[in-house]
Amino acid sequence: MANIYRKVNADLISATQKDVYTVPGNTRALIKSIHVYNEGAGDAIVTIKINSNSVDYFYGKKTIAADATDEFVVNILVLQENDVLKMLSDITGPDVTVSLLETNREDL
């Protein structure tokens, strides 16, 4: 069983839903942090969804002021294989950093 720590970065663009992270096959992902910094000129409404088995599930939605940061994960978010973390902003500007641990069930 392999444990791999990862950091994923993404820039959000106005009204464009972005697939920020997809869990690899035969793997679980433990997301410790979804940190968002809004470098845009105004408030950003950021929405997070999790796609699991081709269905989108709402995870969270926050308004983040210009030049401010926010965290979306209070404890740990568990994603299963092939789940997709999706994010959307109403303005261009938010920068996203996701910190996670992948646990692969295969022996290496």
*If you look at every heavy atom in I45 and D90, which pair is closest and at what distance?*
N-OD1, 2.7 Å
_A44 versus P94, closest heavy-atom pair with distance_ = CB-CG, 3.8 Å
*Is the count of non-hydrogen atoms from other residues, nucleotides or ligands lying under 6.0 Å from K62 atom NZ greater than 12?*
yes
*Using side-chain contact (heavy atoms from CB on, under 4.5 Å) as the criterion, list what pairs up with N75, not counting sequence neighbours.*
none
*Using the side chain to side chain donor-acceptor pair (under 3.5 Å) rule, take T103 and N3 through it: C-alpha gap first, then chi angles, then the decisive distance, then the call.*
CA-CA 5 Å; T103 301; N3 291 326; 3.2 Å; yes
*Please round to the nearest 0.5 Å and tell me the distance separating atom OG of S89 and atom CG of D43.*
10.5 Å
*Residues in side-chain contact (heavy atoms from CB on, under 4.5 Å) contact with Y5, at least two apart in sequence or another chain*: L101
_Non-hydrogen atoms of D83 and S52 that approach each other most closely_ = OD1-OG, 2.9 Å
_Under 4.5 Å side-chain linkage, directly or through intermediates, the cluster mates of I48_ = V8, L12, V20, Y21, V23, I31, I34, V36, V46, I50, Y59, I64, F72, V73, L77, L79, L85, M87, V96, V98, L100
*CG of D11 to CG of D95: how many Å apart, nearest 0.5 Å?*
4.5 Å
*Going by distance alone, is a donor N or O of one side chain under 3.5 Å from an acceptor N or O of the other, for N51 and Y57?*
no
*Between atom OG1 of T22 and atom NZ of K86, what is the distance when rounded to the nearest 0.5 Å?*
9.0 Å
_Over all atoms of both residues, closest heavy-atom pair of Q17 and L88_ = N-CD1, 3.6 Å
*List for me each residue that meets side chain to side chain donor-acceptor pair (under 3.5 Å) alongside T97, sequence neighbours excluded, and say none if there are none.*
N9
*When rounded to the nearest 0.5 angstrom, what distance separates OG in S14 from CD1 in I91?*
8.0 Å
_side chain to side chain donor-acceptor pair (under 3.5 Å) partners for S33, two or more places apart_ = E71
*Salt bridge between R28 and E102, side-chain N to carboxylate O under 4.0 Å?*
no
_Nearest 0.5 Å, please: how far is OG1 in T69 from CD in E39?_
13.0 Å
_Partner set under salt bridge (charged side-chain N to carboxylate O under 4.0 Å, His left out) for K49, not counting sequence neighbours_ = none
*Measure the OG-CZ distance between S99 and R6 for me, rounded to the nearest 0.5 Å.*
12.5 Å
